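The next block holds one structure in the form of structure tokens; read it before the comments.
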Amino acid sequence: MARLTLAGLLAVPWLLFPGLVAGDAVLDLQEKGRPSIDARIANSATCSKENLQVRREWGDISDEEKKAYIAAMLCIMEKPSRLDPTRFPGAKSRYDDFVVVHMNQTMTIHGTGNFLSWHRYYTWAFERALQDECGYNGTQPYWDWGRWADDPENSPIFDGSETSLSGNGEYIEHRGSGIVPAGNGGGCVLSGPFKDMVVHLGPVAPAVNPAPPANPRTDGYGDNPRCLRRDMSNQLTSKYARTQDIVSLIENSANIGTFQNVMQGTGGGGLAGMGVHGAGHFTIAGDPGGDFYTSPNDPAFWVHHGMIDRTWTIWQSQDLENRLQVIAGGTSMFGGGRAQSLDDLIDLGVVADQVFAIKDLVSVVDGPFCYVYE
Ligand SMILES: *[C@@H]1O[C@H](CO)[C@@H](O)[C@H](O)[C@H]1NC(C)=O
Ligand SMILES: *[C@@H]1O[C@H](CO)[C@@H](O)[C@H](O)[C@H]1NC(C)=O
Ligand SMILES: [Cu+2]
């Protein structure tokens with residue numbers, strides 16, 4: 001008979017109550033890197049322990065905090081757009097301004113050297129807009145893909161409750177689309193806070209079956225009112241976005257080029273080349289979530305990109321001094337551009353006041369940023 005060890009004894013409650021597991025291997029890496037971030041805060045010109053913002057996982061914030069985040073998103077969807085309505089007739093709200101900025105720059109912010117820094121600044125600008133324009137006093141939560149990898153549809157993020165970001169789409173008979181497998185939905189989202197949301201912009205490159213109605217304009221900026229659709233399942237998260245996949249990405253990427261390529265898919269094509277980035281997007285799937293250009297129009301985009309940014313932050317923190325001012329990749333998604341430089345500028349147009357060089361957006365506790373993940 002095996003001897004009962006102390007470790008074995010300590011493991012018992014977690015076996016009996018798996019929902020109580022507080023830590024996992026990604027969290028361990030996060031904690032390992034935290035002292036180097038704290039040391040950097042101590043030397044930061046702009047960030048201190050007093051103004052530090054803490055971003056948490058959706059499952060770790062209270063119902064009140066979830067409701068405040070949801071209310072702020074619904075608020076920004078009601079605020080007027082700041083774009084010219086003759087050029088962007090589909091931009092009906094301030095939220096849509098964010099969607100337009102992403103659509104406009106899609107080809108130069110994915111598979112490029114600025115992918116991580118661009119989306120960090122973009123997600124931060126959205127968090128800022130919720131705070132400054134809608135009185136939100138919380139932070140941008142994130143979706144730990146690994147935590148809910150077995151069953152994302154029943155996670156507190158997507159269970160369709162009042163404290164979720166709405167549930168899956170209604171099941172309709174449909175096929176998969178390209179490399180995106182057919183999920184358990186495909187139709188309109190009918191549950192949760194965003195069930196009445198009207199999507200206006202796009203589609204541009206829809207990856208959902210049946211395809212949404214075409215936009216009246218070829219650039220996708222026309223007004224094309226329709227429901228929010230999702231096509232969720234666990235097919236991608238359970239294979240490509242488990243905790244062990246995130247750990248492997250962090251531990252086995254020796255340099256930024258490997259990290260950003262593996263995260264976004266190695267380009268090998270097919271499902272294995274998808275990486276955690278594609279796995280998250282195509283777990284939401286549907287329209288606009290499965291459309292490369294308009295994906296921020298799904299309210300779950302931000303928790304997904306919160307986790308993208310958290311994963312980058314943890315990777316950086318494993319060797320902070322050598323992993324901040326580093327860059328790899330080009331300026332254009334399909335090649336043809338030049339090598340990206342840390343001096344290249346990131347301009348979010350109508351959704352952020354300032355233009356920053358990439359080198360000023362690499363640290364979460366320098367430049368405009370002052371936040372950590374817990
Ligand atoms: C679209 O991108 C171009 C070139 O980067 C820029 O000049 C323009 O202001 C952008 N438009 C919007 C609406 O962001
Ligand atoms: C933050 O907002 C929530 C919900 O609106 C409110 O209950 C809470 O008191 C606010 N906290 C602070 C510190 O203002
Ligand atoms: Cu993007």
Side-chain angles (χ1 to χ4, degrees), residues 80-127 129 140 142-143 145 180 200-207 215 217-223 260-261 263-265 274-312 329-334 336-338 340 344-358 361:
S81 168
R82 296 182 194 172
L83 289 166
D84 176 356
T86 59
R87 288 177 61 210
F88 303 97
K92 297 293 182 195
S93 73
R94 185 70 176 134
Y95 189 97
D96 292 334
D97 291 352
F98 281 87
V99 183
V100 166
V101 167
H102 188 272
M103 290 168 75
N104 187 38
Q105 298 190 39
T106 291
M107 300 308 286
T108 53
I109 57 172
H110 301 102
T112 49
N114 65 4
F115 166 73
L116 291 163
S117 49
W118 194 94
H119 287 81
R120 167 172 288 172
Y121 188 31
Y122 182 63
T123 302
W124 179 87
F126 183 72
E127 178 186 54
Q140 174 59 49
Y142 63 88
W143 162 23
W145 317 296
V180 187
H200 293 275
L201 292 155
V204 178
N215 194 277
R217 282 172 44 157
T218 51
D219 59 14
Y221 295 135
D223 186 18
Q260 71 196 22
N261 289 346
M263 169 176 258
Q264 293 177 90
M274 175 165 281
V276 291
H277 176 242
H281 277 300
F282 294 129
T283 291
I284 302 167
D287 167 55
D291 185 317
F292 206 36
Y293 290 78
T294 62
S295 56
N297 215 339
D298 188 303
F301 173 92
W302 311 98
V303 290
H304 174 49
H305 266 278
M307 183 64 183
I308 291 286
D309 188 61
R310 174 184 181 234
T311 306
W312 181 30
T331 56
S332 173
M333 190 169 136
F334 292 126
R338 55 178 171 77
Q340 193 98 57
D344 288 339
L345 301 178
I346 294 187
D347 184 349
L348 299 184
V350 73
V351 301
D353 295 337
Q354 280 180 277
V355 175
F356 284 99
I358 293 173
L361 299 175

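A quick note: this is a predicted structure, and the numbers were derived from the prediction, not measured. Atom set for the values below is all heavy atoms of this structure, side chains included, hydrogens, waters and symmetry mates excluded. Order of appearance sets the numbers: ligands from 1, and atoms from 1 within every ligand.
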Flag, side chain of His305 to backbone of Phe301, donor-acceptor distance under 3.5 Å: no
Hey, can you tell me if Phe98 and Tyr122 have their rings parallel, tilted or perpendicular (30° and 60° cut-offs)? tilted
Would one find more than 12 heavy atoms of other residues, nucleotides or ligands at under 6.0 Å from atom CG of Asp353? no
Kindly indicate whether atom 7 (O) of ligand 1 is approached by any protein heavy atom to under 4.0 angstrom. no
Run the side-chain contact (heavy atoms from CB on, under 4.5 Å) check on Phe292 and Met333 step by step: do they pass? CA-CA 12 Å; Phe292 206 36; Met333 190 169 136; 3.2 Å; yes
For N/O/S atoms only: which one belongs to His119 and is nearest the Cu ion (ligand 3)? NE2
For Asn114 and Ile358, which heavy atoms make the closest approach, and how far apart are they? CB-CD1, 3.8 Å
Do any of the N, O or S atoms of His305 sit under 2.8 Å from the Cu ion (ligand 3)? no
Answer yes if a protein heavy atom lies under 4.0 Å from atom 4 (C) of ligand 1, otherwise answer no. no
Answer yes or no: is there a donor N or O on one side and an acceptor on the other, between the side chain of Asp96 and the main chain of Ala91, under 3.5 Å? no
Under 4.0 Å to a heavy atom of Phe88 - the qualifying atoms of ligand 1, by number: 13 (C)
Below 4.0 angstrom, counting only protein heavy atoms, does anything approach atom 11 (N) of ligand 1? yes
Can you check whether Asn104 has an N/O within less than 3.5 Å of an N/O in ligand 1? yes
